[in-house]
Number of protein chains: 2
Amino acid sequence: MSASKRVLIVDDEAPIREMIAVALEMAGYECSEADNAQDAHAQIVDNKPDMVLLDWMMPGTSGIEFARRLRKEEVTADIPIIMLTAKTDEDNKIKGLETGVDDYITKPFSPRELVARLKAVLRRTTPKGVEEPVTVDGLTLDPVSHRVTADGQPVDLGPTEFRLLQFFMTHPDRAYSRSQLLDMVWGGNVYVEERTVDVHIRRLRKALGERHDYLVQTVRGTGYRFSAQVA
Amino acid sequence: MSASKRVLIVDDEAPIREMIAVALEMAGYECSEADNAQDAHAQIVDNKPDMVLLDWMMPGTSGIEFARRLRKEEVTADIPIIMLTAKTDEDNKIKGLETGVDDYITKPFSPRELVARLKAVLRRTTPKGVEEPVTVDGLTLDPVSHRVTADGQPVDLGPTEFRLLQFFMTHPDRAYSRSQLLDMVWGGNVYVEERTVDVHIRRLRKALGERHDYLVQTVRGTGYRFSAQVA
DNA sequence: GTTTTCGTTACACTAATATGACATAGTCTT
DNA sequence: AAGACTATGTCATATTAGTGTAACGAAAAC
């Protein structure tokens, strides 16, 4: 309940978008809008919303096609999607669920229903570490207070190092290339040298101290990995 | 590393093509060029490049028209396109995105920006493969965490040994010649002595230890084989 | 017993990463 | 609005890890 959740509304009809946006904003969400798949994709990559509301029928790339594309791509695969559809079409529903859509609402729907479902999906899908503290071997990151402690002692981190650590702690035991880290931590469409990642890794390790810097592991020829298991 | 990505540069001005080609080749991409839509189309069908850089303004079929055509055809629909345009024209930008162009760069641009964007688009577009861990007789290789364990104990491998083992474990019970291994593990166009393979086999066996080195078997006169069955 | 083929080791060379220093762009103070 | 901080990205350099070759010994094959 700290920072409000950001929802991207994708629908080709402006009035519908507006209606939804108003309803959601009253419920305390932050909304952005897109009227086609391309624009939506760009916004998602850049801003990483917490949720996407996706209209089924759209000119150009259809909703379901778009959903499938989002699921396939690493950067967007984890973002929850709620599909909006005009008619109760069982067939579509099946397809939608197969695509990995998280929920499915048929128009017309009441704002109350929408908000309720949205909340439910967010509760289900919000991974630990986004609002719950994560701890690994005495190292704790609390996203709410935006604080990191090592065995109780506060750790001083710059904003980037914080995000980096947060990403690592919520995606442990997995090797990431520098490009991937740039995508996931820095956000899409920024271009910085890959070596810059090394520098921030260095700063992070330094801040973690001897007691914990083993958690940030170098995977030669590949990138980095966060793990409690020693290599 | 992996096979380099091939980029087709479509622009009617030869100097510009050249400039771009040089920048990309320095960054490790393989370039081909076309100065009109027809030629470009032929090359795309023949060579299936991983990416098309498309100039907005071209005599004959314009860039945007061409992009639309590519999107419509089954075979070319999935090839990512980056549009190059001379002026900051918002209107064009919109049209371009509607056409399904993946990104959009306004001239003049720095080589670095170009390469960065290209990389980003390729990363987004390349579908993430589902990588499952492989296990053979207590020996496990996990591509995701980029780790190898023998009966739970971590095994320390260099990058090449890792790739070698990965190849072996995903292609077991089959003998490969040294040159085949060089092709598959080292990558196509590298020249190294065949005997170098022996050395890496040796390093791999050593790292696997007595418990598991039997898995890497010598096929005299032919090459090597990975198998759980003893010969 | 001679000839191949493979195993092993040592070593020079390269490539990848770590690190420290610096320039720049914001922010906040005063 | 100038000065003091902070954060960040990039470079240059140091350090370390990984690679490929050659040379020689050991096993097979003939």
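Per chain, numbering begins at 1; letters A, B, ... match sequence-line order.
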Exercise. Could you tell me whether D55(B) and R17(B) have a side-chain N and a carboxylate O separated by less than 4.0 Å?
Key: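 No, D55(B) and R17(B) are not salt-bridged.
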Any residue meeting side chain to side chain contact (heavy atoms under 4.5 Å, CB included) with [X], in chain and number order, not counting sequence neighbours:
X       : value
R202(A) : K206(A)
A207(B) : V155(B), L157(B)
D183(B) : none
P143(B) : E131(B), L141(B), Q166(B)

Find the distance [X]:[atom1] to [N]:[atom2] and express it as a whole number of Å.
X       : N       : atom1 : atom2 : value
D156(A) : dT6(D)  : CG    : C1'   : 11 Å
L204(A) : dT8(D)  : CG    : C1'   : 15 Å
H200(B) : dT8(C)  : NE2   : C1'   : 14 Å
K206(B) : dG18(D) : NZ    : P     : 13 Å
R205(A) : dG20(C) : CZ    : P     : 13 Å
E161(A) : dT6(D)  : CD    : P     : 14 Å

Quiz item: Taking only residues two or more places apart in sequence, or in another chain, which ones meet S145(B) in a side chain to side chain donor-acceptor pair (under 3.5 Å)?
Solution: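 S145(B) satisfies side chain to side chain donor-acceptor pair (under 3.5 Å) with D142(B) only.
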Quiz item: What pairs with T170(B) under side chain to side chain donor-acceptor pair (under 3.5 Å), at least two apart in sequence or on another chain?
Solution: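 Partners of T170(B) by the side chain to side chain donor-acceptor pair (under 3.5 Å) criterion come out as none, since no residue qualifies.
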Quiz item: Quick one: on DNA chain C, does R202(A) or R178(A) contact a more 5' nucleotide (nearest heavy atom)?
Solution: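 Result: R178(A).
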Practice problem: Give one of base, sugar-phosphate or nothing for Y224(A), where a contact means two heavy atoms less than 4.0 Å apart. | Solution: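 Since only primed, P, OP1 and OP2 atoms lie under 4.0 Å of Y224(A), the category is sugar-phosphate.
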Practice problem: Look at all strands and tell whether R203(B) reaches a base, only sugar-phosphate, or nothing, counting heavy atoms closer than 4.0 Å. | Solution: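 The residue R203(B) makes base contact.
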What nitrogen or oxygen pairs link the protein and nucleotides 15-17 of chain D at under 3.5 Å?
{"residue": "dA17(D)", "atom": "O4'", "partner": "R220(A)", "partner atom": "NH2", "Å": "3.3"}

Practice problem: Note the angle between the end axes of the helix from dG1(C)-dC30(D) to dT30(C)-dA1(D), five pairs defining each, rounded to 10 degrees. | Solution: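 One end axis against the other gives 30°.
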Exercise. Name every residue in residues 190-198 of chain B that has at least one heavy atom under 4.0 Å from any atom of DNA chain C, in order of residue number, or write none if there are no such residues.
Key: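 R195(B), D198(B) - these, ordered by number, are the residues of the stretch whose heavy atoms sit under 4.0 Å from the strand.
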Quiz item: Who pairs with D50(B) by salt bridge (charged side-chain N to carboxylate O under 4.0 Å, His left out), at least two apart in sequence or on another chain?
Solution: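 Expected list: R6(B).
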Quiz item: Is T160(B) near enough to dT19(D) that one of its side-chain N or O atoms lies under 4.0 angstrom from OP1 or OP2?
Solution: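 Indeed, a polar side-chain atom of T160(B) lies that close.
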Exercise. Kindly say if W186(A) contacts the phosphate of dG9(D), meaning a side-chain N or O under 4.0 Å from OP1 or OP2.
Key: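 For dG9(D), OP1/OP2 do have a side-chain N/O of W186(A) under 4.0 Å.
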Quiz item: Got a sec, which pairs hit ring pair (Phe, Tyr, Trp, His ring centres under 6.0 Å) with one end in residues 202-224 of chain A, sequence neighbours left out?
Solution: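 Qualifying pairs, neighbours excluded: none.
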Practice problem: Hey, could you give me each pair passing salt bridge (Lys or Arg N to Asp or Glu O under 4.0 Å) that has a residue in residues 151-162 of chain B? Not counting sequence neighbours. | Solution: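 Pairs touching residues 151-162 of chain B that pass the test: D151(B)-R211(B).
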Exercise. May I ask you to test the T76(A)-K48(A) pair for a side-chain heavy-atom distance under 4.5 Å?
Key: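 A side-chain contact under 4.5 Å is absent here.
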